[in-house]
Undergrad: 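Below you'll find the structure I mean.
First the proteins, then the strands, lettered A, B, ... as listed; each starts at 1.
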Amino acid sequence: MLFFCFFDIITACFLNEEVMAKQELDALQSLETLRHSASHIMAQAILRLYPGSKLGIGPAIKDGFYYDIDASKPVTEEDLPRIEEEMQKIVNADFPFSREEISKDKAIALFQKMGQPFKVELLKDIDADKVNIYKQGEFEDLCRGPHIPSTKLLKAFKLLSVSGAYWRGNEKNAMLTRIYGTAFDNPKSLREYLTMLEEAKKRDHRKLGKELDLFSFHEEGPGLPFWKPKGLMLKSLLIEFMREQHVQRGYVEIETPTMLRDILWKKSGHWDNYRENMFFTEKDEENYAIKPMNCPGGLLVYQEEMHSYKEMPLKIAEFGKVHRFERSGVLQGLFRVRGFTQDDAHIFATPETLQKSVIEVIELVDFIYKAFGFEYSVELSTRPEKSMGSEEQWEIATKGLRNALDFLKIDYQINEGDGAFYGPKIDFHLKDAIGRTHQCGTIQLDMNFPERFDLNYIGEDGKEHRVIMLHRAIYGSIERFTGILIEHFAGKFPLWLSPVQVSILPVSDKFNDYALEIEKLLKKEKIRINSDFSSEKLGYKIRKAQMEKTPYMLIVGEKEVEAKTVSIRHREKGDGGNLKCEQFIAQILEENKNRS
RNA sequence: GCCACUUUAGCUCAAUUGGUAGAGCAGCUGAUUUGUAAUCAGCAGGUUAAGGGUUCAAGUCCCUUAGGUGGCUCCA
């Protein structure tokens with residue numbers, strides 16, 4: 001079908017048969033090609049409007065494309081419409097994309113002459129004799145291709161934002177201007193994508209956090225969230241949910257100090273490897289570090305006594321508040337903060353109990369994520385270049401994780417060389433209501449700490465053995481997870497998570513007493529309620545409760561007082577008729593219990 | 001940290017080319033006693049993020065600081 005018209009002609013001829021075979025993949029590929037061509041067209045437009053600009057790279061990315069440019073004049077978001085107009089002219093001109101293969105030396109000379117130093121630098125790094133030059137109209141660019149046959153095929157595009165980006169991502173290099181855009185093969189898809197972006201903006205947890213009065217930030221503490229009553233309720237409920245699971249699954253819980261002397265951090269290796277990200281404080285000539293992780297403190301607890309293989313796996317949880325110095329530019333709402341609570345746990349295992357322990361954690365992750373309606377994907381990361389331990393240790397450790405995944409028949413992707421320096425790990429990426437993914441849960445096998453802290457247990461043979469240690473977090477950062485939940489539910493939390501579950505709305509203050517009676521009954525059942533005794537009309541009270549996204553509204557007036565009932569209004573289903581108060585309580589308790 | 005943008009009442013936003021800072025909502029007071037998404041009236045609310053400069057005159061132009069937003073290899 002339409003697929004190959006998006007390929008550059010030569011490639012298309014080559015791939016013709018295969019293309020037919022793998023339509024889906026090729027649809028993706030054609031979109032990628034289209035976007036890549038869009039980035040070339042944008043570069044052409046920019047060179048027209050900003051002559052003398054130097055081009056970096058301009059790839060297609062997941063949802064669009066970008067081009068990095070050292071612009072001759074600063075480019076701001078206000079300039080984007082003009083650039084779009086110029087791009088449209090290029091599209092209308094129907095320039096064919098043509099490919100030419102030339103020698104690398106010739107290409108270097110060509111781009112030198114064109115005054116494109118970044119391209120020259122790229123060329124010098126290319127390990128081939130021949131390179132491709134793509135041309136459309138007066139514009140030519142070094143490019144692997146493929147491209148669409150003609151500029152006219154770019155039917156739906158939009159430039160989105162301008163930002164800074166270091167040349168080749170290195171802070172020591174020049175800062176270029178990166179212009180982001182997106183393109184689709186039809187206007188409808190583009191519209192849908194832009195609508196999705198709008199939708200994402202509406203459910204931005206920073207916006208909803210303010211509107212729903214959940215949390216705040218202050219200049220006095222950049223990256224340090226303040227939890228307000230309703231937000232803290234959310235956070236506490238998440239912790240409570242996890243604690244219930246801990247009890248079910250044989251965890252114990254501890255709490256270790258927020259700050260500990262530097263000697264600990266020197267021993268743990270944080271002093272050498274993580275100091276840049278830590279906060280420090282000093283008193284009586286002693287240096288203290290505010291903990292960026294809970295593990296070293298937890299290890300001191302482990303070390304307090306002898307451990308037997310009989311207690312393994314030993315599962316020690318800690319909802320620890322950690323602080324990390326994140327660079328000011330990377331802070332982002334609750335997603336990236338400097339102080340956060342982890343649902344941390346350390347599991348100490350023997351080689352015999354390792355696999356079982358991993359399986360248990362994976363099952364817990366599955367249970368928790370499903371409770372929120374998240375789908376998720378799993379990644380296994382293996383030994384990186386710079387790492388500690390023997391090949392054999394890594395082999396056993398990685399196999400332990402892999403066997404657990406295989407045992408549970410879980411699909412996972414392998415990230416070769418992406419593990420931590422101290423061990424392999426399994427990461428969980430959850431998918432939210434509008435298709436975005438977030439990395440949250442992690443299981444990391446640690447071969448470093450048991451060595452450094454000489455952590456042992458007494459085996460069946462009466463001898464000391466090195467213990468195996470797992471770090472695990474399921475929410476990850478509770479702050480971040482809360483942010484994700486806010487966006488996932490767009491602020492409409494399920495009943496069990498709603499800070500206010502029921503609003504009681506008397507039709508007029510004549511019925512306040514009856515409302516108070518109902519309130520009492522609900523409070524007894526620990527239902528979180530909020531009554532509106534203001535002298536406003538019912539419509540106003542409903543609107544207010546509705547905007548606060550309260551799941552249930554109970555309207556009480558003359559009819560209800562007489563019949564001893566409540567009129568139920570659900571935030572989405574609307575008027576739900578009248579029920580006896582006890583009936584409503586039974587219903588809501590059931591819903592609450594099921595976390596549905 | 002770096003690049004660009006940004007910061008006006010508690011919140012959302014106005015304020016011609018530089019010429020006395022406004023509105024809605026929220027708050028408070030009063031009236032109203034209300035039936036499924038906003039009752040009416042009045043009051044109060046600001047060193048325009050902070051500091052400096054240019055100017056007869058700065059919310060508006062320039063500089064510094066702080067906060068926020070979008071980004072900072074998804075590798076021709």
Undergrad: Are side-chain N/O atoms of A:His429 and A:Gln439 paired as donor and acceptor at under 3.5 Å?
TA: no
Undergrad: Which value, in whole Å, describes the distance between the P atoms of nucleotides B:rG68 and B:rU8?
TA: 14 Å
Undergrad: Distance only, no hydrogens: is a donor on one side chain within 3.5 Å (strictly under) of an acceptor on the other, for A:Tyr552 and A:Glu591?
TA: yes
Undergrad: For the C1' atoms, the ones on B:rC11 and on B:rG46, what distance do you get once it is rounded to whole angstrom?
TA: 15 Å
Undergrad: Looking at B:rU39, which nucleotide sits across from it as a Watson-Crick or G-U wobble partner, both distances under 3.5 angstrom, or is there none?
TA: B:rA31
Undergrad: Whether the side chain of A:Ser535 and the base of B:rU32 hold a donor-acceptor pair under 3.5 Å is what I'd like checked.
TA: yes
Undergrad: Could you please name the partner base of B:rA9, counting Watson-Crick and G-U wobble pairs only when both distances are under 3.5 Å?
TA: none
Undergrad: Can you check the A:Phe65 CZ to B:rG71 C1' distance for me, whole Å?
TA: 16 Å
Undergrad: If we take the P atom in both B:rG24 and B:rU39, what is their distance in whole Å?
TA: 16 Å
Undergrad: Under 4.0 angstrom, heavy atoms only, what part of the nucleic acid is A:Thr177 near: base, sugar-phosphate, or nothing?
TA: nothing
Undergrad: Side-chain donor-acceptor pair under 3.5 Å between A:Tyr67 and A:Asp141, yes or no?
TA: yes
Undergrad: B:rA15 and B:rC61: how far apart are their P atoms, nearest whole angstrom?
TA: 13 Å
Undergrad: Determine which nucleotide pairs with B:rU16, using a 3.5 Å limit on both distances of a Watson-Crick or G-U wobble pair.
TA: none
Undergrad: Report yes if some heavy atom in the side chain of A:Ile57 is under 4.5 Å from a heavy atom in the side chain of A:Trp167; otherwise report no.
TA: yes
Undergrad: Ignoring backbone atoms, establish whether A:Arg206 has a side-chain N or O less than 4.0 Å from OP1 or OP2 of B:rG67.
TA: no
Undergrad: Taking atom C1' in both B:rA21 and B:rC13, compute the distance separating them and give it to the nearest angstrom.
TA: 14 Å
Undergrad: Quick check on RNA chain B: between A:Gly221 and A:Pro74, whose nearest nucleotide comes earlier from the 5' end?
TA: A:Pro74
Undergrad: Regarding A:Arg144, tell me which of base, sugar-phosphate or nothing describes its non-hydrogen contacts under 4.0 Å with the strands shown.
TA: base
Undergrad: Rounding to an integer number of angstrom, what distance separates B:rA50 and B:rA44 when you compare their P atoms?
TA: 24 Å
Undergrad: Under 3.5 Å, is there a donor on one side chain and an acceptor on the other for A:Glu560 and A:Thr565?
TA: no
Undergrad: Which part of the nucleic acid, if any, lies within reach of A:Glu558 when heavy atoms closer than 4.0 Å are counted: base, sugar-phosphate only, or nothing?
TA: base
Undergrad: On RNA chain B, does the nearest nucleotide to A:Ile568 precede the nearest nucleotide to A:Arg327 from the 5' side, or the other way round? Give the residue.
TA: A:Arg327
Undergrad: Quickly, which of A:Glu138, A:Glu140, A:Lys135 forms a side chain to side chain donor-acceptor pair (under 3.5 Å) with A:Gln44? Name it, please.
TA: A:Glu138
Undergrad: Could you let me know what B:rU69 is paired to, Watson-Crick or G-U wobble, both distances under 3.5 Å, or none if it's on its own?
TA: B:rA4
Undergrad: Using only modelled atom types and a 3.5 angstrom limit, is any donor from either the side chain of A:Glu560 or the base of B:rG35 paired with an acceptor on the other?
TA: yes
Undergrad: Determine the contact category for A:Tyr540: base if any of its heavy atoms lies under 4.0 Å from a base atom, sugar-phosphate if only primed atoms, P, OP1 or OP2 are that close, otherwise nothing.
TA: sugar-phosphate
Undergrad: If you compare every side-chain N and O of A:Lys544 against the phosphate oxygens of B:rA37 (OP1, OP2), does one of them come in below 4.0 Å?
TA: no
Undergrad: Which is true for A:Gly329 with a 4.0 Å heavy-atom rule: it touches a base, it touches only sugar-phosphate, or it touches nothing?
TA: base
Undergrad: Taking only the side-chain nitrogens and oxygens of A:Lys210, find out if one of them lies under 4.0 Å from OP1 or OP2 of B:rU12.
TA: yes
Undergrad: Can you tell me how far CG of A:Asp532 sits from OG of A:Ser503, rounded to the nearest 0.5 angstrom?
TA: 7.5 Å
Undergrad: What nucleotide, of B:rU33, B:rG68, B:rG67, holds the atom closest to the side chain of A:Leu331?
TA: B:rG68
Undergrad: Assign A:Glu78 to base, sugar-phosphate, or nothing according to its heavy-atom contacts below 4.0 angstrom with the strands shown.
TA: nothing
Undergrad: Between B:rC2 and B:rU65, how far is it from one P atom to the other, in whole Å?
TA: 9 Å
Undergrad: Which base, if any, makes a Watson-Crick or G-U wobble pair with B:rG46, both distances under 3.5 Å?
TA: none
Undergrad: Tell me what A:Glu77 touches on the nucleic acid: a base, only sugar-phosphate, or nothing, going by heavy atoms under 4.0 Å.
TA: nothing
Undergrad: So, A:Thr442 versus A:Asp427: side-chain donor-acceptor pair below 3.5 Å or not?
TA: yes
Undergrad: Under a 3.5 Å limit for both distances, which nucleotide forms a Watson-Crick or G-U wobble pair with B:rU55, could you say?
TA: none
Undergrad: Could you work out which one of B:rC74, B:rU39, B:rU36 sits closest to the side chain of A:Glu536?
TA: B:rU39
Undergrad: Can you see if the side chain of A:Tyr67 gets near the phosphate of B:rU73 - specifically, an N or O under 4.0 Å from OP1 or OP2?
TA: no
Undergrad: From the set B:rA76, B:rG35, B:rC74, return the single nucleotide nearest to any side-chain atom of A:Leu142.
TA: B:rA76
Undergrad: Could you tell me whether the phosphate oxygens of B:rC74, OP1 or OP2, come under 4.0 Å of any side-chain nitrogen or oxygen in A:Tyr180?
TA: no
Undergrad: Nearest to the side chain of A:Leu122, heavy atoms from C-beta on, is which of B:rC72, B:rA76, B:rG67?
TA: B:rA76
Undergrad: Say we look at B:rG53 and B:rG59: how far apart would their P atoms be, to the nearest angstrom?
TA: 15 Å
Undergrad: Base, sugar-phosphate, or nothing: which does A:Ile555 touch, judged by heavy atoms less than 4.0 Å apart?
TA: base
